[in-house]
Colleague: 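Handing you a structure now.
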Amino acid sequence: MAAFSKSIPHNCYEIGHTWHPSCGVSFLQITRGALEESLKIYAPLYLIAAILRKRKLEYYLHKLLPEIIQSASFLTANGALYMAFFCILRRILGKFYAWSPGFGAALPASYVAILIERKSRRGLLTIYMANLVLLFCITAAMYMFFFRCKDGLKGFTFSALRFIVGKEEIPTHSYSPEAAYAKVEQRREKHEEKSRRMSIITLARKLVDSVCKHGPRHRCCKHYEDNCISYCLKGFIRMFSVGYLIQCCLRIPSAFRHLFTQPSRLLSLFYNKENFQLGAFLGSFVSIYKGTSCFLRWVRNLDDELHAIIAGFLAGISMMFYKSTTISMYLASKLVETMYFKGIEAGKVPYFPHADTIIYSISTAICFQAAVMEVQTLRPSYWKFLLRLTKGKFAVMNRKVLDVFGTDASKYFRDFTPQLDPRYTSVKPDLPVELS
């Protein structure tokens with residue numbers, strides 16, 4: 001446990017920006033590096049999203065660049081303002097406490113930064129130590145349920161799911177005339193054939209044989225041009241191709257950077273494990289969802305939005321092909337946000353102004369506290385992201401000095417000792433550090 005009431009007398013150069021004694025220069029260096037990396041992250045992300053959403057030319061001319069700059073500015077501010085508040089807090093307090101170099105500096109920085117981002121993109125952050133596949137299964141189940149419900153999802157989320165699973169799976173509700181008729185007919189058939197009711201195994205075998213030999217489509221299925229098997233296979237091929245092409249596009253900048261020095265690396269643009277992993281993830285998600293939905297329509301003889309919960313949960317297993325913390329946590333946070341606002345609309349949940357901003361700020365501050373004082377508790381992917389955002393400068397903090405707080409801050413940095421200019425230090429490096 002850290003001694004939160006104790007302090008050390010070092011200045012911000014000795015602890016934080018050990019590469020340069022000037023707070024202003026360090027701030028500008030962090031800002032420049034963070035901006036460069038932010039643009040690399042958001043430019044292809046927004047471009048691919050615009051293509052998938054089939055944006056018109058007007059969007060590319062007038063809105064694409066401002067949106068990229070706004071999101072890049074948010075991420076840049078998150079890193080740069082942390083450095084600024086790190087120094088400001090030291091000057092105000094006159095010393096460092098266990099909470100100040102991490103949580104204390106990151107909290108105001110995160111709050112100011114998230115205000116820069118568009119409100120529609122202020123997702124709620126959750127803890128990072130959850131099981132990714134199970135979390136994604138549950139998230140996918142709820143998303144697909146809301147997708148099938150009337151007015152369940154709107155805007156980009158609905159459009160994205162419609163693109164992924166296809167227009168054939170656009171909501172057909174239980175209480176539509178066709179579904180209502182199906183339920184009545186099902187009850188009658190159950191009553192008349194009660195004595196010769198088939199087991200689920202027999203029914204499944206009959207279904208497989210029928211589909212494989214004759215390729216029928218259940219009357220509740222809306223994929224009119226395909227039988228159920230070809231419908232699932234086409235879904236897999238389509239989304240596998242999309243995932244493969246997306247990953248190829250993301251690798252284009254790095255591949256062309258080595259075009260003349262290492263031309264052989266161009267082959268990795270097309271033949272790379274990550275390309276196939278993303279393709280397998282998207283393709284299997286769609287095919288499992290569609291296949292399960294078709295199977296349930298055959299078994300129950302009706303189309304019901306409750307099928308989406310089972311189909312979505314099983315489709316979530318596809319995360320095994322592409323384990324991504326970013327995808328799981330972002331979708332989970334957006335699901336919480338969706339359910340929260342639905343609760344507000346129904347009058348069952350109180351509205352808290354700026355709840356997303358406050359939760360984001362606190363969550364990010366906790367992560368920064370861990371990144372400074374207990375790197376070993378962070379997910380490796382998040383630590384790599386922080387290093388990328390700061391051009392590796394997060395790793396050159398003087399964590400050996402922070403060990404006095406009892407968090408073993410230098411556990412993974414035993415071999416690193418910053419070369420400080422003694423003209424700008426407040427504590428002689430050969431003197432032992434004592435808590436005050």
Colleague: So Y244 and F240, would you call those rings parallel, tilted or perpendicular, with 30° and 60° as cut-offs?
Modeller: parallel

Colleague: Any side-chain heavy atom of W99 within less than 4.5 Å of one from L89?
Modeller: yes

Colleague: Verify whether one side chain among E67 and Y59 offers a donor that lies under 3.5 Å from an acceptor in the other.
Modeller: yes

Colleague: Got a second to check how far L302's CG is from R297's CZ, nearest 0.5 Å?
Modeller: 10.0 Å

Colleague: Centroid-to-centroid, F103 to Y97, below 6.0 Å?
Modeller: no

Colleague: Would you mind checking if E58 and K63 are paired as a salt bridge, meaning a charged N to carboxylate O distance below 4.0 Å?
Modeller: no

Colleague: Under the 3.5 angstrom rule, does the side chain of E14 hit a backbone N or O of S426 as a donor-acceptor pair?
Modeller: yes

Colleague: After noting the C-alpha distance and the side-chain angles of V375 and F394, does the key distance pass the side chain to side chain contact (heavy atoms under 4.5 Å, CB included) rule?
Modeller: CA-CA 11 Å; V375 177; F394 221 123; over 6 Å; no

Colleague: Quick one: pull up CG in L282 and OG in S241 and give me the separation to the nearest 0.5 Å.
Modeller: 10.5 Å

Colleague: Would you call the rings of W383 and F413 parallel, tilted or perpendicular, taking 30° and 60° as the class edges?
Modeller: perpendicular

Colleague: Kindly give the heavy-atom pair with the smallest separation between Y13 and Q419, and that separation in Å.
Modeller: OH-O, 4.1 Å

Colleague: Side chains of T18 and N398: is there a donor and an acceptor less than 3.5 Å apart?
Modeller: no

Colleague: Would you mind checking if K40 and E36 are paired as a salt bridge, meaning a charged N to carboxylate O distance below 4.0 Å?
Modeller: yes

Colleague: Look only at the side chain of S230 and the backbone of N227, and say whether a donor-acceptor pair between them is shorter than 3.5 Å.
Modeller: yes

Colleague: Answer yes or no: is there a side-chain heavy-atom contact under 4.5 Å between H20 and Y424?
Modeller: no

Colleague: Between D304 and R300, does at least one N-O distance fall below 4.0 Å, as a salt bridge requires?
Modeller: yes

Colleague: What's the separation between atom OG in S284 and atom CE in M239, rounded to the nearest 0.5 Å?
Modeller: 10.5 Å

Colleague: I want to check something: taking the side chain as every heavy atom from C-beta on, are K391 and R32 in contact at a cut-off of under 4.5 Å?
Modeller: no

Colleague: Going through the checks in order, is the side chain to side chain contact (heavy atoms under 4.5 Å, CB included) test met by L75 and Y42?
Modeller: CA-CA 10 Å; L75 194 55; Y42 282 109; 3.8 Å; yes

Colleague: Between T425 and D421, is the side chain to side chain contact (heavy atoms under 4.5 Å, CB included) condition met? List the steps.
Modeller: CA-CA 7 Å; T425 60; D421 189 334; over 6 Å; no

Colleague: Please determine which of L386, L107, L378 meets the side-chain contact (heavy atoms from CB on, under 4.5 Å) test together with F368.
Modeller: L386

Colleague: Can you tell me how far apart CG (L389) and OH (Y382) are? Round to the nearest 0.5 Å.
Modeller: 9.0 Å

Colleague: With distance as the sole test, does T407 use its side chain to make a donor-acceptor pair with the main-chain N or O of M373 at under 3.5 Å?
Modeller: yes

Colleague: Using the rule given for side chain to side chain donor-acceptor pair (under 3.5 Å), can you reason through R148 versus H307, listing the C-alpha separation, both sets of side-chain angles and the distance that settles it, and then say yes or no?
Modeller: CA-CA 9 Å; R148 294 295 309 275; H307 294 172; 5.6 Å; no

Colleague: Could you check whether any side-chain heavy atom of Y82 comes within less than 4.5 Å of a side-chain heavy atom of F27, counting everything from C-beta outward?
Modeller: no

Colleague: Under 4.5 Å between any side-chain heavy atoms of M397 and F86, yes or no?
Modeller: yes

Colleague: For N78 and S110, work out which heavy atoms get closest and say how close.
Modeller: ND2-OG, 3.3 Å

Colleague: To the nearest 0.5 Å, what is the distance between CD1 on I15 and CG on L402?
Modeller: 5.0 Å

Colleague: Is the side chain of Q369 donor-acceptor paired with the backbone N or O of A98 at a distance under 3.5 Å, no angle test?
Modeller: yes

Colleague: Specify the closest pair of heavy atoms between S7 and K95, including all atoms of both residues, with the distance to one decimal.
Modeller: OG-CD, 2.9 Å

Colleague: Provide the closest heavy-atom pair for N11 versus F96 in the form atom of the first, atom of the second, distance.
Modeller: O-CE1, 3.5 Å

Colleague: Check Y60 against K56 and note the closest heavy-atom contact, atom names and distance.
Modeller: CD1-O, 3.3 Å

Colleague: Verify the distance criterion only: is there a donor paired with an acceptor across the side chains of R414 and S410 at less than 3.5 Å?
Modeller: yes

Colleague: Are F321 and F285 packed together at the side-chain level, in the sense that at least one heavy-atom pair is separated by less than 4.5 angstrom?
Modeller: no

Colleague: Could you tell me whether the side chain of M339 reaches within less than 4.5 Å of the side chain of F146, counting heavy atoms only?
Modeller: yes

Colleague: Mark yes when over 12 heavy atoms from residues, nucleotides or ligands other than R91 sit less than 6.0 Å from its CZ; otherwise mark no.
Modeller: no

Colleague: Under 3.5 Å, side chain of S100 to main-chain N/O of G104, donor-acceptor pair present?
Modeller: no

Colleague: Rounded to the nearest 0.5 Å, what's the gap from OG1 on T292 to CD1 on I288? Could you check?
Modeller: 7.0 Å

Colleague: Quick one: closest heavy-atom pair of I114 and S361, and the distance?
Modeller: CG2-OG, 4.4 Å

Colleague: Please walk me through it: do K348 and K342 pass side chain to side chain contact (heavy atoms under 4.5 Å, CB included)?
Modeller: CA-CA 9 Å; K348 297 181 179 180; K342 282 189 173 296; over 6 Å; no

Colleague: Would you say the side chain of W19 lies within less than 4.5 Å of the side chain of H17, judging by non-hydrogen atoms?
Modeller: yes

Colleague: Whether the Y46 and S71 side chains hold a donor-acceptor pair (N or O, under 3.5 Å, no angle test) is what I'd like checked.
Modeller: yes

